[in-house]
2 protein chains.
Amino acid sequence: MQLSNTSQYAIRMLAYMADKKDSPLINATELSEALHIPYKFLTKIMTELVKADLVVSVRGREGGYSLSKKASDIKVDDILNIFHDSIQDKQCVLGIGFCNGMCKCALHDQWMEPKILLQKMFRDSSLEDIAGKGCKI
Amino acid sequence: MQLSNTSQYAIRMLAYMADKKDSPLINATELSEALHIPYKFLTKIMTELVKADLVVSVRGREGGYSLSKKASDIKVDDILNIFHDSIQDKQCVLGIGFCNGMCKCALHDQWMEPKILLQKMFRDSSLEDIAGKGCKI
DNA sequence: TTCAATTACTACTCATAGGTAGAATTTATA
DNA sequence: TATAAATTCTACCTATGAGTAGTAATTGAA
Ligand code: SF4
Ligand code: SF4
């Protein structure tokens, strides 16, 4: 019951970039060192974020990455969706999900509340909310 | 953000057994067919449940499995613990977890509530609660 | 005693996430 | 133009979860 490593890394990478919104471009070396994420793995993840249009990249010397839009417009859930880590509406704790109405187990109703809270948290929290709270993550 | 396949199977297997509390022993073939879980994988999981003392097994002809205690005394969280799928108190959404007090990100407080609900759900729900609600899972 | 039905053990295969290596490509600057 | 600094691409390696195969051990019943 955890987000994937990749999703966690991606969120932290983007939050760091949002936090340094004064610098126009941030490169992979800086991110890797600041966040202690393996350089090669970080660039691999970043390329996916570029393809998903959350990040724009500038190649070549003096190149780097920057957010493609305002930090307040990038939600955590946008990131989770890229790595198939988002919580689906019909997602069931037991991996079944087709029981409904009259026929449901004891977990069914109990799962609703935390599920909705998690979805809300992911959908409402933007990079701006996460970054710049005085703590590097 | 899902329980592992193994945990999901284990919960369903034990819930099925709790549901048939009149039959003293239930064998792997019946479980496999009723729950559509691959036979060999099911026996592998079951052996772990036996080692964890949630199930007692009887080998040989006319053998099978039975719960080691009352269904109401086996909580979902007991099962998750075996497969390291339980939610830890200090578990952080971003895999960090050492930020505290003054220094926390926007997800920190928001994560508390669903986390506690999930822990409560897993710790309070017993096999008895899950089984026998009129729906085979 | 023999046999069939059962769980347990050992050792594999397969799929996927996590991570690494090296070369190719791009581009500003010297 | 040549070089160095950067991203991107292709291909791999490693660890783990999921699942399978075959055999050994156990035991009730014919
Ligand atoms: S009733 Fe239980 S098993 Fe069925 S979809 Fe709801 S939570 Fe999942
Ligand atoms: S502040 Fe954020 S990153 Fe740090 S432990 Fe809390 S949730 Fe995790």
Side-chain angles (χ1 to χ4, degrees), chain A residues 1-14 17 23-68 79-80 82-86 94-95, chain B residues 1-14 17 23-68 79-80 82-86 94-95:
Chain A
M1 210 66 178
Q2 264 275 68
L3 290 182
S4 70
N5 229 324
T6 304
S7 291
Q8 294 179 345
Y9 284 163
I11 295 169
R12 292 173 53 214
M13 286 155 54
L14 294 174
M17 290 170 68
S23 359
L25 286 179
I26 300 172
N27 67 40
T29 306
E30 171 179 352
L31 281 165
S32 169
E33 285 169 359
L35 302 175
H36 305 101
I37 300 172
Y39 176 86
K40 281 291 199 178
F41 194 35
L42 184 144
T43 58
K44 187 180 192 173
I45 294 170
M46 199 60 106
T47 302
E48 292 191 73
L49 294 175
V50 170
K51 284 180 180 154
D53 287 323
L54 259 51
V55 168
V56 292
S57 64
V58 175
R59 298 177 68 160
R61 186 163 180 164
E62 305 289 295
Y65 302 101
S66 65
L67 298 181
S68 69
I79 305 166
L80 300 188
I82 299 172
F83 305 105
H84 310 104
D85 232 346
S86 185
L94 302 183
Chain B
M1 212 66 181
Q2 264 275 71
L3 290 182
S4 70
N5 229 325
T6 305
S7 291
Q8 294 179 346
Y9 283 163
I11 295 170
R12 292 172 54 214
M13 285 154 55
L14 294 174
M17 289 169 69
S23 358
L25 286 178
I26 301 173
N27 67 41
T29 306
E30 173 180 350
L31 281 164
S32 169
E33 285 169 0
L35 302 175
H36 305 101
I37 300 172
Y39 175 85
K40 281 291 200 179
F41 194 33
L42 184 143
T43 59
K44 186 179 192 173
I45 294 170
M46 198 60 107
T47 303
E48 294 190 70
L49 295 174
V50 169
K51 284 180 179 154
D53 286 323
L54 258 53
V55 168
V56 292
S57 63
V58 176
R59 297 174 71 161
R61 188 162 179 165
E62 307 288 294
Y65 304 101
S66 65
L67 299 181
S68 69
I79 305 167
L80 300 189
I82 298 171
F83 304 104
H84 310 105
D85 232 346
S86 185
L94 302 183

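In what follows, chains carry the letters A, B, and so on, assigned in the order in which the sequence lines appear, proteins first and then strands, with residues in each chain numbered from 1. Heavy-atom basis, side chains included; hydrogens, waters and symmetry copies ignored.
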Checklist outcome for this item: Contacted region of DNA chain D by chain A, from 5' end to 3' end of the hits, cut-off under 4.0 Å to heavy atoms, spans D/dA4 to D/dC9
Item to check | Sorted by number, the residues of residues 25-33 of chain A with heavy-atom contact under 4.0 Å to DNA chain D | outcome: A/Asn27, A/Ala28
Checklist entry - In residues 37-50 of chain B, which ones come under 4.0 Å of DNA chain D, going by heavy atoms? => result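 DNA chain D contact set from residues 37-50 of chain B: B/Pro38, B/Lys40, B/Phe41, B/Lys44.
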Item to check | Difference in axis direction between the ends of the helix from C/dT1-D/dA30 to C/dA30-D/dT1, five pairs, 10° | outcome: 20°
Hey, could you give me the [atom1]/[atom2] distance between [X] and [Y], rounded to the nearest 0.5 Å?
X       : Y       : atom1 : atom2 : value
A/Leu35 : A/Glu33 : CG    : CD    : 10.5 Å
A/Glu48 : A/Thr43 : CD    : OG1   : 10.5 Å
A/Thr47 : A/Tyr65 : OG1   : OH    : 5.0 Å
A/Asn5  : A/Asp85 : CG    : CG    : 10.5 Å
A/Leu42 : A/His36 : CG    : NE2   : 12.5 Å
A/Ser7  : A/Ile82 : OG    : CD1   : 9.0 Å

Is any side-chain heavy atom of [X] closer than 4.5 Å to a side-chain heavy atom of [Y]?
X       : Y       : result
A/Leu31 : A/Met17 : yes
A/Met13 : A/Leu49 : yes
B/Glu62 : B/Leu25 : no
B/Phe83 : B/Ile45 : yes

Work out which heavy atom in [X] is nearest to a heavy atom in [Y]; give both atom names and the distance.
X       : Y       : value
A/Ser68 : A/Asp53 : OG-O, 2.7 Å
A/Asn27 : A/Gly63 : CB-O, 4.2 Å
A/Val56 : A/Leu67 : CG2-O, 4.3 Å

Next on the checklist: Taking any heavy-atom pair under 4.0 Å as a contact, classify A/Tyr9: base, sugar-phosphate, or nothing.
Outcome noted: sugar-phosphate
Checklist entry - Taking for each residue the nucleotide of DNA chain C with the nearest heavy atom, is it A/Arg61 or A/Asn5 whose nucleotide lies nearer the 5' end? => result A/Asn5
Checklist entry - Looking only at atom types and distance, does a side-chain atom of A/Ser32 sit under 3.5 Å from a main-chain N or O of A/Pro38, one as donor and one as acceptor? => result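 Looks like no, no N/O pair under 3.5 Å.
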Next on the checklist: Can you pull out the residues from residues 52-59 of chain B that lie within a 4.0 Å heavy-atom distance of DNA chain C?
Outcome noted: B/Ser57, B/Val58, B/Arg59
Next on the checklist: Both A/Gly60 and B/Ser7 contact DNA chain D. Taking the nearest nucleotide for each, which residue is further toward the 5' end?
Outcome noted: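 Its nucleotide being nearer the 5' end, the pick is A/Gly60.
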Next on the checklist: The criterion is side chain to side chain donor-acceptor pair (under 3.5 Å); which residues satisfy it with B/Glu30, sequence neighbours excluded?
Outcome noted: B/Tyr16, B/Lys20
